[in-house]
Every structure is written in C-alpha cells, then in structure tokens.
Number of protein chains: 2
Amino acid sequence: MTELSSRQLRAFLTLAEQRNFTRAANLSHLSQPAFSALIRTLEDALGTRLFDRDTRSVQLTPEGKLFETAAQRLLDDMNGAIADLADHVERRKGRVRIAALPSLAAGWLPAVLAEFMATWPGIRVDLDDALSDACIARVRSGSADFALASSGDGTVADSDLLSRKLCSDRFHLVCRADHPLATEPKLSARKLAPWPFIQMARHSSVRQSLDVALHPLRMNAVFEVEHLATVMGLVEAGLGISVVPALTLFHFRRDTLVTRPLPVGGLTRTVNIVQRREGSLSVAAQTLHDLVVARLGNLNLD
Amino acid sequence: MTELSSRQLRAFLTLAEQRNFTRAANLSHLSQPAFSALIRTLEDALGTRLFDRDTRSVQLTPEGKLFETAAQRLLDDMNGAIADLADHVERRKGRVRIAALPSLAAGWLPAVLAEFMATWPGIRVDLDDALSDACIARVRSGSADFALASSGDGTVADSDLLSRKLCSDRFHLVCRADHPLATEPKLSARKLAPWPFIQMARHSSVRQSLDVALHPLRMNAVFEVEHLATVMGLVEAGLGISVVPALTLFHFRRDTLVTRPLPVGGLTRTVNIVQRREGSLSVAAQTLHDLVVARLGNLNLD
DNA sequence: GCGCTTTACGCTGCGCGTAAGTATC
DNA sequence: GATACTTACGCGCAGCGTAAAGCGC
C-alpha cells in the first residue's frame with residue numbers, strides 16, 4: 001500500500017510549477033537537498049520518475065504530467081475537506097436539530113434561538129415542536145440532537161438517554177379578573193377543585209404534568225381542548241378556570257384575565273434537557289445546548 | 001497549512017470501522033499506543049476530536065462523521081491516482097502518437113505495431129502517415145511522440161530535435177520483366193538515365209531523397225504522379241521504369257515486374273527516428289520506440 | 001478486578017541541514 | 001568556471017514498542 005502525504009503532493013506541485021529545485025525548495029522552506037530527497041521519495045513510492053532533470057532544466061515526464069492533474073485535485077479536495085471541517089468547528093457551518101414542547105417552542109425558545117442564529121448565522125437550526133414522548137423519541141432515534149421536555153427524570157434514567165433538569169415551571173391559576181379566585185387571599189389547589197375547569201387534552205404534556213402535580217386531586221372539568229389558545233378563549237368567556245405552567249402564560253396576558261402563581265408544594269413541572277448518553281453533540285449543537293442552559297437553566301419561572 | 005498523510009486517513013477509517021483501538025492498531029500493524037498517538041496527531045492537526053472514547057466504547061463524533069465521508073473519498077481518489085499511474089508505468093494503459101512516412105507506415109510499421117499492440121493491448125496507438133516535414137513538425141509541436149522520417153540529419157541537428165539513424169533504405173530499380181534492364185548484368189544509375197522514367201511528385205519524400213541520391217544526374221521523366229500504386233501501374237503497362245526505396249517494394253511484388261537493387265554508392269536514403277531533445281518519452285512511447293529500433297534498426301534493407 | 005485507552009520512557013531511524021561531489025553549459 | 005542537482009555525513013527529533021498507569025464498568 002503506497003504512502004502519500006500532503007507535503008509530498010505540495011512539493012511535487014511546487015516543483016512542477018517552478019521547474020527549479022532550488023526555488024521550489026525555498027518556497028517549501030526546505031534546504032535544496034532535503035527537497036530533492038522528498039521528490040525522490042515520492043518518485044520511489046510511485047515507482048516512476050516524475051521529472052526529467054539535467055543540470056540545465058527540470059520538467060515533468062509524461063507520467064509526471066499525468067500525476068500533476070491528479071495531485072492538484074487531491075490537494076484541493078484535501079484542503080476543501082479540512083476547511084469544511086474547520087467551518088463546522090468554528091461554527092461557520094452546521095446544523096442543529098432540537099425538539100421541544102410546544103409551550104417551550106412558543107414561549108421561551110424563540111428568544112434563545114434568535115440570539116443563537118444572530119451569533120452563528122451559518123448554522124441552520126431545525127426546531128421540532130412536539131409532545132414530550134415524541135421529543136424524546138426524536139432524540140433516541142438520532143433525528144434530534146437534544147430535546148426540551150417535561151417527562152420525569154425516571155422515564156429515561158436507566159436508558160440510553162441522559163436527562164437533566166433545566167428549570168422548574170410553576171403552575172399558575174388563570175381566571176377572569178372578576179372571578180372570586182382572582183382575589184382569594186390564600187390560593188391552594190384544593191380551593192380550585194369546585195370551580196368549572198378547562199382541561200387540556202389528555203395527551204398534552206401540560207395536562208400530563210398537571211395530573212401528576214395535582215394527584216390525587218381531581219378537577220371539575222367542563223371542557224377538554226387541544227390548544228392553549230382555546231383554553232384562553234373559554235376562560236375569558238367565563239366558562240371556567242384553568243391551571244397552566246408559567247411558560248405558557250403569554251397566552252393569557254390580557255386585561256380581562258388574571259394569572260396567579262399557585263403554591264410551590266408539588267405544583268411545578270420540571271423541564272428537562274434530554275440527549276443521548278453516548279455520542280457527544282456536534283459543536284453547533286453543543287453551543288446551542290449551552291446557550292439554552294445558560295438562558296433557561298436554574299430559572300424558577302414566576 | 002495542515003499536514004495530512006494517507007497513513008492517517010487509513011488509520012482514521014480503520015478505527016471508524018472497528019470502533020476499537022486495539023483491533024484497529026493490529027490491522028494497521030502498529031502497537032496500540034502508537035496507533036493512539038497517530039489518531040491524536042490527526043485530531044490535533046484537524047483541530048477537533050474525531051472520536052468519543054471512554055474505556056467501553058469508541059465512536060465517531062459528529063465532526064468525525066463529517067470527516068469520514070471526505071476521508072473515504074480522498075483515500076479512494078488517492079488510490080485511484082496511484083493505480084492509474086501504475087497502469088501507465090506497467091503499460092496497461094497509455095497512448096503513443098507516432099508519425100511516419102507513408103512508405104514506412106504501409107510497409108514495415110504495421111508488423112511492428114501489430115506486435116506492440118498484441119503485447120500491450122491497453123495502449124492506444126495513433127499513427128500519422130505524413131510526409132517527412134509534416135512528421136517532423138508533429139514531433140516539434142508535441143502532437144507526435146516520435147517520427148520515422150528521412151530528412152537528412154543536418155536538418156534537425158542543431159535544433160530542439162534529436163534525430164538518429166534508424167536504417168538505410170537502398171534504392172531499387174523497378175521495371176517490367178521483359179525490359180532490357182531486367183537482365184542488365186551490371187546496373188548503375190547512369191545506365192537508367194536514358195529510359196522513360198516514372199517520377200513521384202516533387203513534394204514526396206521518395207522523390208526528394210531520390211533527387212539527392214542521384215544528384216546531379218537527371219532522369220528522363222515521362223510521368224510525375226502522387227502515389228506509388230500509380231507508379232506500379234504505369235511501369236507494368238510498359239510506360240517507363242522507376243527507382244524506389246526498398247521499403248516500398250511491396251507495391252511491386254508482381255510476376256510481371258522485376259525489382260533490382262542499385263549499387264550502394266549514394267543510392268540509399270536514411271530513415272531517421274526523430275524525437276524532441278528535451279522531455280523524455282512516456283513509458284508507452286519509449287516501449288514502442290525501443291521496439292521499432294529493435295525491429296528496424298541497423299537493418300540494411302535488401 | 002478486568003478490559004481498554006492513555007501516559008511514560010528509552011530507542012531507533014527517518015529526514016533535516018551543511019558540505020563536498022558531479023555534470024552540463 | 002558557473003550553475004544546479006546529487007551524494008555524503010552527522011545530528012536531532014518524530015514516532016515506534018514496551019511497560020506502567022488511569023479509568024469505567
């Protein structure tokens with residue numbers, strides 16, 4: 001198996017261009033004999049003379065001409081590959097695929113993504129807003145670099161996934177400003193139970209984490225809807241109250257509505273950042289990961 | 001400027017495939033620490049980790065995956081270039097462009113070319129049958145590797161061309177079998193002069209070398225034609241005699257005709273093999289060149 | 001404790017520069 | 001004899017193998 005180095009290729013091309021050992025040696029920062037030996041080594045490796053040299057002139061043999069084309073292309077490709085890799089390492093190029101709960105994707109993430117994309121304009125970011133289980137499935141299958149989800153740590157603890165707590169997301173009551181609970185001095189989950197309640201659909205992560213947080217308390221559900229915007233409409237119409245995580249409160253910022261934090265005891269959901277246990281993140285993904293942690297980590301929302 | 005060697009690429013790809021330093025090291029015929037150092041050197045050169053390794057598992061980083069594709073292609077291209085060069089050196093591939101006088105192209109060369117092409121079936125041979133000056137021009141311009149021509153050595157002696165005598169080509173009388181000269185005991189140029197003579201066209205190399213050989217004698221020309229086949233027809237019809245080099249006698253091998261060598265004194269033309277003084281021949285061209293010299297060199301024809 | 005990678009460390013030899021040799025014009 | 005490539009030769013350091021040390025599991 002023939003050995004070949006980029007030094008040899010560069011030396012060869014330099015000599016092919018200069019047609020003079022001394023000049024080519026200087027350009028290569030080598031003594032002339034050392035350069036001569038380098039060329040000889042290459043010729044020996046390839047099994048043929050590449051240059052005709054007498055004391056007056058140096059020029060490519062026909063075989064040398066043949067190799068010149070190939071060598072030029074090889075070196076260009078090599079430099080291209082190196083530059084491409086460097087672009088990724090220096091974050092001029094790249095791609096990050098992130099999966100996040102819809103509430104995060106709509107609420108907190110956009111600002112972080114905007115900052116990231118402004119800093120690293122060459123990096124493409126794919127955002128997949130999916131429910132918690134789907135997010136985790138994406139990470140597991142490799143179609144997302146990491147995910148922001150609210151599954152309990154236990155869910156993925158023993159598996160191939162690594163899940164770390166990013167922040168707590170406190171639950172808030174949302175009701176009309178004229179609702180008795182809007183002015184109730186000491187809120188508690190139990191006090192909410194009698195009132196007509198607008199639930200999220202059973203498969204939504206907000207609902208699932210709420211069920212866990214309230215257990216064993218049951219709400220007096222009068223509606224069960226898919227979208228938080230619908231919850232907002234129903235609450236505003238006076239048809240009921242609801243309880244949602246702080247991350248989703250932007251849906252409810254209206255004069256007609258009141259949002260009030262519920263007591264801390266258990267009434268929080270945890271937002272986890274999930275990645276594969278084996279296999280590090282790409283430079284781009286790690287950078288976004290770190291930015292997400294820096295901006296959202298250890299944040300006890302409202 | 002980043003250095004890269006084929007060893008490094010091969011080591012990288014072996015490790016990417018084996019995902020185990022020890023196995024990859026054995027496959028590379030290196031000790032495991034030496035192999036480890038080789039990978040580390042590559043990673044340092046590229047400025048990034050290519051493998052995630054803990055003691056249990058070794059696998060490509062995202063950047064490593066990126067480089068894997070490029071490395072595979074680089075190595076394939078490199079091996080391709082080396083193999084292509086070897087094919088030329090081993091004469092499995094190649095091209096020879098040869099220019100030769102029509103008389104040589106029709107007479108002696110075909111057998112040599114047939115031998116050459118049978119021995120080296122992968123080598124393409126281009127034959128250009130042209131007059132002497134055109135042959136030499138082809139060589140000078142680089143559109144032929146070498147030429148077989150009859151120009152005097154002086155013509156190209158001081159130039160960029162190298163002309164060496166290949167063989168002598170003795171002139172022969174051609175006449176009808178019933179012609180008085182067919183049985184003339186002691187032939188000489190002078191004895192031919194009175195008889196009606198079929199000339200070749202003034203620009204043909206046969207004519208030019210004949211003029212030189214006979215000088216200052218003038219023949220009694222009754223026709224001046226382009227092609228030797230025409231000369232043959234005219235002679236056979238009894239319209240005259242002619243004098244042609246031995247190389248062309250195959251045109252006149254007929255029962256109705258007689259061919260007789262003329263005395264050696266001056267009545268020969270020299271066939272030269274001409275190549276550029278600078279720049280060696282390709283392996284393929286040199287091989288054909290040597291075969292031509294071996295088969296036709298030092299041959300005093302008839 | 002076992003398996004695998006990394007670190008430590010002497011040693012060989014490749015490849016460098018200097019200097020002398022050789023060939024061509 | 002001037003110029004430019006090649007050979008000769010001593011030397012330093014890159015890179016090898018052996019042996020010991022980390023490090024997960």
Side-chain angles (χ1 to χ4, degrees), chain A residues 1-12 14-46 48-61 64 157-162 276-280, chain B residues 1-12 14-46 49-61 64 157-160 162 276-280:
Chain A
M1 190 119 292
T2 310
E3 289 305 329
L4 222 52
S5 72
S6 58
R7 296 184 67 242
Q8 287 174 311
L9 293 180
R10 258 192 292 278
F12 168 76
T14 304
L15 182 56
E17 190 193 339
Q18 295 294 324
R19 313 201 326 177
N20 177 303
F21 274 75
T22 308
R23 278 201 304 276
N26 289 335
L27 288 173
S28 305
H29 307 294
L30 279 175
S31 72
Q32 194 277 325
F35 185 86
S36 213
L38 195 59
I39 295 293
R40 171 174 291 279
T41 304
L42 177 62
E43 289 179 327
D44 290 348
L46 295 176
T48 185
R49 276 271 164 140
L50 297 171
F51 294 95
D52 278 322
R53 54 264 214 191
D54 54 45
T55 44
R56 270 319 134 187
S57 96
V58 173
Q59 58 188 306
L60 287 165
T61 61
D158 288 337
S159 74
D160 50 342
L161 297 182
L162 180 68
R276 285 191 298 285
R277 193 176 294 275
E278 303 227 322
S280 58
Chain B
M1 188 118 295
T2 310
E3 288 304 330
L4 221 49
S5 72
S6 58
R7 295 183 69 243
Q8 287 174 310
L9 293 180
R10 258 193 291 278
F12 167 76
T14 303
L15 183 55
E17 191 191 338
Q18 297 293 324
R19 314 202 327 181
N20 176 302
F21 275 75
T22 308
R23 279 201 304 275
N26 288 335
L27 288 173
S28 304
H29 307 292
L30 278 176
S31 72
Q32 194 277 326
F35 185 87
S36 212
L38 197 58
I39 295 293
R40 171 174 292 279
T41 304
L42 177 61
E43 288 179 328
D44 290 349
L46 295 176
R49 276 271 164 139
L50 297 172
F51 294 95
D52 277 324
R53 55 262 212 193
D54 54 43
T55 45
R56 267 321 131 185
S57 97
V58 173
Q59 58 187 306
L60 287 165
T61 60
D158 288 336
S159 74
D160 50 345
L162 180 68
R276 286 191 299 284
R277 191 176 296 274
E278 304 227 322
S280 58

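Convention: sequence-line order gives letters A, B, ...; per-chain numbering from 1.
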Carboxylate-amine/guanidinium proximity below 4.0 Å for B:R19 and A:E278:
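Judged by the 4.0 Å cut-off on N to carboxylate O distance, B:R19 and A:E278 do not form a salt bridge.
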Can you figure out which of C:dG17, C:dA8, C:dA19 approaches the side chain of B:P33 most closely?
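My answer, after comparing the listed nucleotides, is C:dA8.
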Minimum-distance nucleotide to B:A34 side chain [options: D:dC5, C:dT6, D:dC16]
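So the nucleotide nearest the side chain must be D:dC16.
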Length of the line joining [X]:[atom1] and [N]:[atom2], which is rounded to integer Å:
X: A:F35; N: D:dT7; atom1: CZ; atom2: C1'; value: 18 Å
X: A:D54; N: C:dA23; atom1: CG; atom2: C1'; value: 9 Å
X: B:E3; N: C:dC14; atom1: CD; atom2: P; value: 19 Å
X: B:Q32; N: D:dG15; atom1: CD; atom2: P; value: 17 Å
X: B:Q59; N: C:dC4; atom1: CD; atom2: C1'; value: 15 Å
X: A:D44; N: C:dC14; atom1: CG; atom2: P; value: 13 Å
X: B:L50; N: C:dT5; atom1: CG; atom2: P; value: 16 Å

Would you indicate what B:L30 reaches in the nucleic acid, counting non-hydrogen atoms under 4.0 angstrom: base, sugar-phosphate, or nothing?
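Contact class for B:L30: sugar-phosphate only.
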So what does B:S31 touch, heavy atoms closer than 4.0 Å: a base, only the sugar-phosphate, or nothing?
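Here B:S31 touches the bases of the nucleic acid.
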Think [X] has a side-chain N or O under 4.0 angstrom from the OP1 or OP2 of [N]?
X: A:R7; N: C:dC16; result: yes
X: B:T22; N: C:dC4; result: no
X: B:R53; N: D:dG24; result: no
X: A:R40; N: D:dC5; result: no
X: A:R23; N: D:dA4; result: no

Any idea how B:F21 and B:F35 line up, ring-wise: parallel (<30°), tilted (30 to 60°), or perpendicular (>60°)?
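The arrangement is perpendicular - the two ring planes meet at more than 60°.
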